[in-house]
Novice: 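A single structure is presented below for examination.
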Amino acid sequence: TKSSNEGFPHSLVELLDGFKASKTLFTASKLGVFDVMSDSGLTVDEVAIQINASVLGTEKLLDAAVSIGLLHKLKCEDKLVYRNTEQARQFLVSDSPLSLHAYILHCNDMIWPLFNHLESAVREGTNQHERAFGKKPENVFQDIYFKKDDMVMRFMNAMHSIAKVSGRDVATAFDLSRFRTACDVGGCTGAMAYEFTKAHPDLSVIVFDLPAVIEMRSHFQPLEQDSRVSFVAGDFFKDDIPKADLYILARILHDWSDDKVHGLLSKLSKTCTPGCGLLLSEILLDEERTRPSRALLQALSMTEGSQRSATEYSNLIRKHGFSPVHTRYTDNLLDAMLFVKDD
Ligand code: SAM
């Protein structure tokens, strides 16, 4: 029989174990557990061989993964076998269309080390790149891009996986039928841009991003190429940004201080004529800045940026002559706001 224990702090105990659950997901992903699974199920010994790990450690990892809903464990004839859950099949297998695998590796390799130094980050009010990775970047993108190609690829893979999961909901959040040309500023692999052209048959999208990113774009092109998506390399703080009648800023402004955001918005505002659009996509905080916790937890490892509410974004963007038209909370990873340049 189950006794009720209303005073017990279940949610706190869950938080105590939260990091163990995250690391179980990261490690299983990194070792390729979800990739080697077959529909008929694999025994511990079979998985251990395939992921090149000890039987003892593999058994613990698989059982932990079962306990947090990532795998099924079932009896098949006289053997115990493990199998991917439906969610793992859809989002954790590395080559599934909506895979979060690359983003999970980014969390393990880039974000986890930063969180190891959270106490210092809070005391000092600075990001912890130097402690975590042994070097002091001027900003996180310099760190990533001025290093080696594999770092760029890892970052692009991570962005690509989130953009693929959230892109459709962002692209279809508003009626954009009056726009013909868009520029996806900091558009990375083009994953969002392709969602926009898919959703809007009359729209062409220029993806604008740093040269190191644009150089790697061929690794991320969909099988069905779309001539309405093109790529231009440049620095959005220093170089001219291509002309367009809709500017997309997806996951850009949260990386930067208000000062830098004003610099970028003022450039965009100068190239925009009345009626031009600005589509912002971010996690929007509620007005009290208390939710969603996903955004506030992410902010702990952010470099110089911050998370903002719809009103805070509106206030920043209004200063550059744009008025908010619609806000869409998508229930996906990213929300969206549409602004139009005033007359
Ligand atoms: N918009 C994409 C998305 O939502 O999937 C990528 C978002 S990612 C967080 C930020 C992007 O901004 C990266 O692709 C990065 O290379 C680009 N970026 C950062 N600094 C830049 C700069 N100074 N000029 C152009 N692009 C820049």
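Atoms within a ligand are numbered from 1 in the order they appear, just like the ligands themselves. Quick caveat, the model's predicted, so the values are computed rather than measured.
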Novice: Report the residue from Q298, R294, R289 that forms a side chain to side chain donor-acceptor pair (under 3.5 Å) with Q307.
Specialist: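 The passing option is Q298.
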Novice: Any N/O of G186 closer than 3.5 Å to an N/O of ligand 1?
Specialist: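 Yes, there is a polar N/O contact under 3.5 Å.
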Novice: Scan H320, K267, K319 and name whichever one has a side chain to side chain donor-acceptor pair (under 3.5 Å) with H262.
Specialist: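 Answer after filtering H320, K267, K319: H320.
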Novice: Show which atoms of ligand 1 fall inside a sub-4.0 Å distance from at least one heavy-atom site of F237.
Specialist: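 Within the 4.0 Å cut-off of F237, ligand 1 contributes 23 (N).
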Novice: Does ligand 1 have a heavy atom under 4.0 Å from the side chain of V213, from its backbone, from both, or from neither?
Specialist: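 The answer is the side chain of V213.
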Novice: Does at least one non-hydrogen atom of G234 fall below 4.0 angstrom from an atom of ligand 1?
Specialist: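 Yes; G234 lies near enough to ligand 1 that a heavy-atom distance drops under 4.0 Å.
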Novice: Which atoms of ligand 1 are found less than 4.0 Å from any heavy atom of C188?
Specialist: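 So the answer, numbered in order with elements, is 6 (C), 14 (O).
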Novice: Would one find an N or O of W256, backbone or side chain, under 3.5 Å from an N or O of ligand 1?
Specialist: no
Novice: Please confirm whether I162 comes under 4.0 Å of ligand 1, counting heavy atoms of the residue only.
Specialist: no
Novice: State the atoms of ligand 1, each with its element, that fall below the 4.0 Å cut-off from a heavy-atom position in A250.
Specialist: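 Near A250, the atoms of ligand 1 are 1 (N), 2 (C), 3 (C), 4 (O), 7 (C).
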Novice: Just by distance, with hydrogens left out, do T271 and Y247 show a side-chain donor and acceptor under 3.5 Å apart?
Specialist: yes
Novice: Please collect all side chain to side chain donor-acceptor pair (under 3.5 Å) contacts where either partner lies in residues 66-76, sequence neighbours excluded, each pair once.
Specialist: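 Matches after skipping sequence neighbours: D63-K73.
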Novice: For residues H160 and A191, report the shortest heavy-atom separation together with the two atoms involved.
Specialist: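 That would be ND1-CB, 3.5 Å.
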Novice: Between ligand 1 and R251, is the shortest N or O to N or O distance under 3.5 Å?
Specialist: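 Checking ligand 1 against R251, an N or O pair does fall under 3.5 Å apart.
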Novice: Evaluate the side chain to side chain contact (heavy atoms under 4.5 Å, CB included) criterion for residues F339 and S323: first the C-alpha distance (whole Å), next the side-chain angles of each, then the deciding distance (0.1 Å), finally the verdict.
Specialist: CA-CA 5 Å; F339 295 79; S323 294; 5.9 Å; no
Novice: Once you measure the plane-to-plane angle for F174 and H326, does it fall in the parallel (<30°), tilted (30-60°) or perpendicular (>60°) bin?
Specialist: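 Parallel: the ring planes of F174 and H326 meet at under 30°.
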Novice: Please identify which atoms of ligand 1 are closer than 4.0 Å to at least one heavy atom of A163.
Specialist: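 Answer for ligand 1: 5 (O).
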Novice: Can you figure out which of V232, L210, D209 has its heavy atom closest to atom 16 (O) of ligand 1?
Specialist: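 Residue with the shortest heavy-atom distance to the ligand atom: D209.
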Novice: With a 4.0 Å heavy-atom cut-off (strictly under), which part of I252 contacts ligand 1: side chain, backbone, both or neither?
Specialist: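 It is the side chain that touches ligand 1; the backbone stays farther off.
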Novice: Could you note down all residue pairs passing side chain to side chain donor-acceptor pair (under 3.5 Å) where residues 163-174 supplies at least one of them, sequence neighbours left out?
Specialist: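 Counting only pairs at least two positions apart or across chains, the side chain to side chain donor-acceptor pair (under 3.5 Å) contacts touching residues 163-174 are D169-N332.
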Novice: With heavy atoms only and a cut-off of under 4.0 Å, state how D255 meets ligand 1: side chain, backbone, both or neither.
Specialist: side chain
Novice: Side-chain donor-acceptor pair under 3.5 Å between D175 and S177, yes or no?
Specialist: yes
Novice: For ligand 1, which atoms have a heavy atom of D235 less than 4.0 angstrom away?
Specialist: 22 (C), 23 (N), 24 (N)
Novice: Under a plain distance cut-off of 3.5 Å, with no hydrogens placed, do T311 and S309 share a side-chain donor-acceptor pair?
Specialist: no
Novice: Less than 3.5 Å between some nitrogen or oxygen of F236 and one of ligand 1, yes or no?
Specialist: yes
